[in-house]
Amino acid sequence: MNRDKLSEPCPKMEYIRNCAVDLCVEIAGISMKNPVMVASGTFGFGEEYAKIYDINRLGAVVTKGITLLPRHGNPPPRLCETPAGLLNSVGLENPGVERFIREEWPRLKKLPVPVIVNIDGDTVEEYREIAKRLSELNGLAALEVNISCPNVEKGGIAFGQDPGSAYEVVRAVKEAATLPVIAKLSPNVTSIQKIAAAVESAGADAVSLINTVLGMAVDIDRQRPVFKRIFAGLSGPAVKPIALRMVWEAYEAVKIPVIGMGGISTWRDAVEFILAGASAVAVGTAGFIDPEAPLKIIDGLEKYLVECSICESALKTSGEDKTIKLRDIVGLAHKNFTEGDFS
Amino acid sequence: MNRDKLSEPCPKMEYIRNCAVDLCVEIAGISMKNPVMVASGTFGFGEEYAKIYDINRLGAVVTKGITLLPRHGNPPPRLCETPAGLLNSVGLENPGVERFIREEWPRLKKLPVPVIVNIDGDTVEEYREIAKRLSELNGLAALEVNISCPNVEKGGIAFGQDPGSAYEVVRAVKEAATLPVIAKLSPNVTSIQKIAAAVESAGADAVSLINTVLGMAVDIDRQRPVFKRIFAGLSGPAVKPIALRMVWEAYEAVKIPVIGMGGISTWRDAVEFILAGASAVAVGTAGFIDPEAPLKIIDGLEKYLVECSICESALKTSGEDKTIKLRDIVGLAHKNFTEGDFS
Amino acid sequence: MERKGDILAGLLFSTKVIQNVLIAYDIYHMKICCPEVAEKAAPGQFLHIRCSDGPTPLLRRPISIAGANEKDGTVEMVYRVLGEGTRLISQKKAGEILDVMGPLGRGFPVPLDAVDPVLIGGGVGVAPLLYLAQKIAGPLSRSGRSGAAFIGFSTAGEVFGVDFLKSCGFTVFLTTDDGTAGQKGVPTEAFENCIKGHEVQKQFDIVYACGPKPFLAKVKDAAVRGKIPAYLSLEERMACGVGACLGCAVKSAGEGYKKVCRDGPVFEAGEIQL
Amino acid sequence: MERKGDILAGLLFSTKVIQNVLIAYDIYHMKICCPEVAEKAAPGQFLHIRCSDGPTPLLRRPISIAGANEKDGTVEMVYRVLGEGTRLISQKKAGEILDVMGPLGRGFPVPLDAVDPVLIGGGVGVAPLLYLAQKIAGPLSRSGRSGAAFIGFSTAGEVFGVDFLKSCGFTVFLTTDDGTAGQKGVPTEAFENCIKGHEVQKQFDIVYACGPKPFLAKVKDAAVRGKIPAYLSLEERMACGVGACLGCAVKSAGEGYKKVCRDGPVFEAGEIQL
Ligand SMILES: Cc1cc2nc3c(=O)[nH]c(=O)nc-3n(C[C@H](O)[C@H](O)[C@H](O)COP(=O)(O)OP(=O)(O)OC[C@H]3O[C@@H](n4cnc5c(N)ncnc54)[C@H](O)[C@@H]3O)c2cc1C
Ligand SMILES: Cc1cc2nc3c(=O)[nH]c(=O)nc-3n(C[C@H](O)[C@H](O)[C@H](O)COP(=O)(O)OP(=O)(O)OC[C@H]3O[C@@H](n4cnc5c(N)ncnc54)[C@H](O)[C@@H]3O)c2cc1C
Ligand SMILES: Cc1cc2nc3c(=O)[nH]c(=O)nc-3n(C[C@H](O)[C@H](O)[C@H](O)COP(=O)(O)O)c2cc1C
Ligand SMILES: Cc1cc2nc3c(=O)[nH]c(=O)nc-3n(C[C@H](O)[C@H](O)[C@H](O)COP(=O)(O)O)c2cc1C
Ligand code: FES
Ligand code: FES
């Protein structure tokens, strides 16, 4: 019932109907037909959701985090709902890089969509190894270096909480990999800008953020933490305002593209992230509730771009070109804030 | 409809009905008849809610943040709702310490409830000054040093994001004040433990956390940030898992009492915080929705304590004493986690 | 009607919905039973309504009192479904419980002397003016003075309140943006034209207005030019609704900010900057 | 019944509620129209149900299929109102829309040969067994074999399914914790006593069980001792419901974890650790 501006008649609509809309983005050398990806760990290796909708419509697919050796992950419970949020303590359960290559990659590589593999390690050396191994795969679009997993004993988030270690890991991956490298940042830091700058200087081709926010829950009947690892990662709508702020900050701190995620559920959320500086967005938790959320977001972005007020500004920046380009509104809120009369 | 265990018949109930329940806590030398306070900035100077319910039932009252000189605060909009959360950019609007003493204190000092004044400053000197001035008031229970306000140009959160500055501010207040000093911490840090340890070593008598989480919102129609100061502070149920985690961490890092807050809306939430290590809790945003939330939480805590399973463990620690004491369950989840067989 | 809280209270009520019906496009008319509010309420005051039991939407929603009847203890509201909060309110059925706080804020000063009042309302801004008209109706007819109401809507389907205002003794000037009902245009223009004497020349002693900010800015300008005292009812996003959170700021004519919930929602035009 | 998503789909449905009634204390029986699910569903599979449009409760709720009718395209569920999610589901009225994903998971293997099956269910754990009984009823009567059902509830007011199980040809052994209906006790004990020949001596070829974990652990022990193959339906908190999030882990008998939503909810007793 939220009155949808898009459905209201608009005098400029006729003109605008004749405009083409271009949702393409290029990030870290990866060409995506639209900026909507799925977030690591929320999409498995693509198999499950391929049964539910046409995943080829996605801008890109990001796999569950892969480590050098297989991991069993954490004991149950692994999930706990919170107000508008989800705590997870999956703990990087994954088949390891070799089984990934053997069992998942043959299917993934046939997708007509860029596939990005999320990688994790306990040590810099492990990151380097896995990056080297994955670089041998033909057709892999990029590596997303997870330096922000809150659910493991070693490595993970620790790498992402210190600019020095973040630099080191990304540098190592960059050296080992022949693929574009995306650094996935942790929100659990005092200054996301310092971390973003560190991974940029280490050669990252893009940053993606945010990973989950450290949280916890207590079982008041058993009077102990819900999770065996005590802390877990918070995702979903609850974290959206935090993620958006960090995307804004990262956009101001680095020149490489920013991939935004954290609580994105609707096209409106996606637009907020894009205006705040995200060149692409990823949908995670929202896909559990509505698997088709990414597709609805793609459709919504298209409509948003043709909507009157947007057109004006987009056309302004696009000059004579009648194509309305999504990439023209990336970070627009920064420009409008600086230039605008805010009262 | 959430089946309330409390309302189910319980074989031990008869015995338990004869037990006394003691909700008293002592924090930083302040005796409170129960552990439920109201959070700074969400209760004005107590006048508004005194018209709505009997605020004398509260464990303590914490005022809006006060600065040395009056402040106008930020331009509207100052509020934006997010999923299960609230972003605010009030910006420490307050009458300044002199007008506070003249206009608000005479009424506040008559309350039969401990009154804690929340103080803020741009510089260490300002904190010192205001602490000195407020120490002259007879009957004031304590100062809460806000080193975590995200909504001001200078000072505020910056002091709370670095252990060194946090130490400095608290040290200065501690030296200037003759009152107990509570340090109010910011969640926007990599390590809450370092900050908590720093303010403890500076002499803080207690820590309170969390202040709001930095977040933002974008107006997609006007394509710019909703708030003039871009970032705002996130509070409400959405941040509860984050706050709880930080209370847990602070409890492990310091020996001084921890006052927990952030998204507490029900007695169940309050119990989670207490089990995680909070000696007292504060209710903020939830009071906007249900002004009587703090009272309902007090009632709920009492019932929780008489509930069977709790009794057992409380009685265990209380020995032969038939009084069930709230303070016996403070931090109990740590003990149960360490000692328990978690499978 | 069950009273919540202890005796100090008188602001928190768990009320029963008596009716809640669609009266125009996306606009509902709700009647609740709440004798305490009906007794105390002044026109221009509002109720702060809880729209869900859960945490989304989180905050209460402020809705003006559009009518109150001390005799049967009923209170009325007219509201537009805009987002999730008002959508949930619109789903309440007769017999269900509505949790309200109120009456809150400072309302319109109801004139004691005989005056010619004018009401100016845009969209759902007409709602509080209905209650004001109800209160002024008696004095107006007794003193034999005349009142006018300039009200505007975007389109015919959204119009409400015309008959009621007439029944209270007001001459109604209706406008719609698209001209589908009344005159095409906006009520502020119609009002200006009127006091400038373009069509029907008329002088007024006091202006009461409610609508969006730009709309009120125009009313204020016209009132200043016409040297008529004006009372404007403002809107701002609210959290507490009682002055405790300092969230609903509006720039004061002097220094700093007024709070819409506590100092308003009705302000004398000179008190605030629009 | 409207089909959501594109042709690949077949797992996401916007279905119409046909009935949703209270059948026991806090227990509801819901019937929806969803021919696709009715056609494909196997006993033991579940539907993943969206309980609100907003973000609270955030996740879908898994509910077992308790019956399906290919002819009229209806699917049934029996569920207990436990928290907010099930409370919202219980408020759905006939004619309203229910958003479901399914049928999901691996169900009970329905025996092809003539066997004597036993069903063991605790509380709402009885729900999936009803659908299983419906499917087994035909073969059972054709082969002339006999089935038994041991079902337990906490109290008489919560009992459901007895008549239905009988109508499917099962001998029903009912227990309640407080002895207000059937025998006082728990169904696992009744089952053990039975195979041990304490009261009615009987041998079974296959065990199907659903209930809380400790309950299933007892069933497993008894089945192992009795050397009867057992299929257990497990519960675990779920996010995606399709195997993508790895959230619904249960310790596998070998290394690592199985996923209840994808590898289960029904497991051969030897596959998992309880
Ligand atoms: C004192 C007062 C009295 C009021 N009286 C009435 C009344 O009698 N009848 C009536 O219909 N409405 C009235 N309102 C407005 C009403 O409170 C809002 O329409 C309502 O809160 C919207 O809630 P929602 O959840 O439906 O929409 P939301 O989901 O909160 O908002 C929907 C969209 O509208 C925008 N929006 C909503 N309200 C505002 C605002 N105040 N400022 C800026 N943007 C906004 C939001 O940003 C969003 O895009 C009054 C407001 C105030 C402050
Ligand atoms: C495969 C499967 C099939 C199911 N089939 C049925 C069915 O047919 N009928 C039926 O009534 N229920 C069934 N359930 C259980 C049902 O999914 C839950 O009762 C429901 O999700 C509770 O949601 P809620 O929002 O009402 O309660 P919540 O608010 O989510 O929970 C209420 C309380 O119960 C606890 N709780 C709820 N579920 C669990 C759990 N799984 N493990 C541990 N604690 C829990 C919560 O911690 C909380 O304290 C099934 C579950 C699974 C996994
Ligand atoms: C169940 C689950 C598993 C996740 N696993 C990973 C992972 O393996 N690697 C990673 O970088 N991020 C992982 N994440 C984080 C998400 O990719 C994403 O950054 C985060 O959930 C915020 O987005 P959302 O709110 O849209 O879910 C996981 C998140 C969830 C909920
Ligand atoms: C409107 C508003 C104003 C606040 N003002 C202050 C303040 O002046 N000083 C302070 O230390 N904290 C302030 N806070 C933070 C709260 O005291 C509290 O730490 C935070 O809101 C988390 O608790 P909650 O989720 O229960 O609201 C404010 C919070 C809100 C919502
Ligand atoms: S809404 Fe809190 S001060 Fe007005
Ligand atoms: S719920 Fe996601 S894997 Fe089972």
Side-chain angles (χ1 to χ4, degrees), chain A residues 1-2 38-39 41-57 63-65 70-95 226 235-238 240 263 265-266 284-292 295-296, chain D residues 3-14 40 48-62 83-85 99-105 213 234-252 254-262 272-274:
Chain A
M1 197 58 116
N2 212 318
V38 285
T42 66
F43 200 72
F45 298 110
E47 199 171 16
E48 293 77 15
Y49 286 111
K51 289 176 196 151
I52 302 182
Y53 67 90
D54 183 4
I55 66 169
N56 295 337
R57 284 196 57 204
T63 68
K64 171 72 193 164
R71 297 227 185 147
H72 293 322
N74 296 331
R78 290 182 173 183
L79 302 170
C80 179
E81 224 179 7
T82 69
L86 171 65
L87 283 168
N88 92 78
S89 177
V90 167
L92 278 181
E93 169 170 346
N94 82 90
V226 165
S235 64
K240 197 194 81 174
S265 308
T266 66
T285 305
F288 300 152
I289 297 108
D290 181 3
E292 294 178 331
L295 305 189
K296 290 178 183 160
Chain D
R3 177 104 170 242
K4 284 173 56 173
D6 54 50
I7 29 159
L8 283 173
L11 281 180
L12 262 181
F13 302 99
S14 196
K40 281 195 291 183
H48 212 24
I49 301 181
R50 186 155 177 190
C51 20
S52 99
D53 292 337
T56 41
L58 186 65
L59 300 172
R60 289 174 179 263
R61 296 293 188 263
E84 188 58 13
D99 178 342
V100 309
M101 277 173 77
L104 300 177
K213 253 191 203 171
L234 266 64
E235 283 194 13
E236 191 50 62
R237 301 242 111 182
M238 291 184 181
C240 70
V242 297
C245 75
L246 311 183
C248 59
V250 55
K251 204 135 188 52
S252 132
E255 282 199 310
Y257 300 94
K258 301 260 179 195
K259 302 313 158 305
V260 171
C261 71
R262 185 190 57 198
I272 41 148
Q273 292 177 41
L274 285 171

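None of the values given here were measured: they were computed from a predicted structure. Lettering of chains follows the sequences in order, A, B, ..., and the numbering in each one begins at 1.
- Across all non-hydrogen atoms, the minimal contact from D:Tyr257 to A:Glu93 is O-OE2, 4.0 Å.
- Between D:Lys259 and A:Glu48 there is no salt bridge, since no side-chain nitrogen of the basic residue lies less than 4.0 Å from a carboxylate oxygen of the acidic one.
- Remark: the backbone N or O of A:Asp290 is not paired with any side-chain donor or acceptor of D:Arg50 at under 3.5 angstrom.
- A:Pro76 and D:Val250 make their closest contact through CG-CA, 4.5 Å (heavy atoms, listed as atom of the first residue, atom of the second, distance).
- Only the side chain of A:Thr285 comes within contact range of chain D, judged by heavy atoms closer than 4.5 Å.
- The CG atom of D:Leu246 lies 10.0 Å from the CG atom of A:Leu92; values are rounded to the nearest 0.5 Å.
- In this structure A:Phe288 satisfies the ring-ring contact (aromatic ring centres under 6.0 Å, His included) test with no other residue, sequence neighbours excluded.
- In this structure, A:Lys51 NZ and D:Leu11 CG are separated by 8.5 Å, a value rounded to the nearest 0.5 Å.
- Put simply, of D:Met238, D:Glu255, D:Arg237, D:His48, the one with the most heavy-atom pairs under 4.5 Å next to chain A is D:Glu255.
- Judged as a ring-ring contact (aromatic ring centres under 6.0 Å, His included), and not counting sequence neighbours, the contacts of A:Phe43 are A:Tyr49.
- Separating the CD1 atom in A:Ile52 from the SG atom in D:Cys240 is a distance of 8.5 Å, to the nearest 0.5 Å.
- The CG atom of D:Asp53 sits 12.5 Å away from the CD1 atom of A:Ile289 when rounded to the nearest 0.5 Å.
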**Prompt:** Please walk me through it: do A:Glu81 and D:Glu84 pass side-chain contact (heavy atoms from CB on, under 4.5 Å)?
**Reply:** CA-CA 12 Å; A:Glu81 224 179 7; D:Glu84 188 58 13; over 6 Å; no
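- Residues D:Leu58 and A:Pro237 meet the side-chain proximity criterion, which asks for heavy atoms closer than 4.5 Å.
- D:Leu12 approaches A:Pro291 most closely through the heavy-atom pair CD2-CD, 4.0 Å.
- Of the two parts of D:Met101, only the side chain, counted from C-beta on, holds a non-hydrogen atom closer than 4.5 Å to a non-hydrogen atom of chain A.
- Highest contact tally toward chain A, considering only D:Cys248, D:Gly243, D:Gly241, is held by D:Gly243 [criterion: heavy-atom pairs under 4.5 Å].
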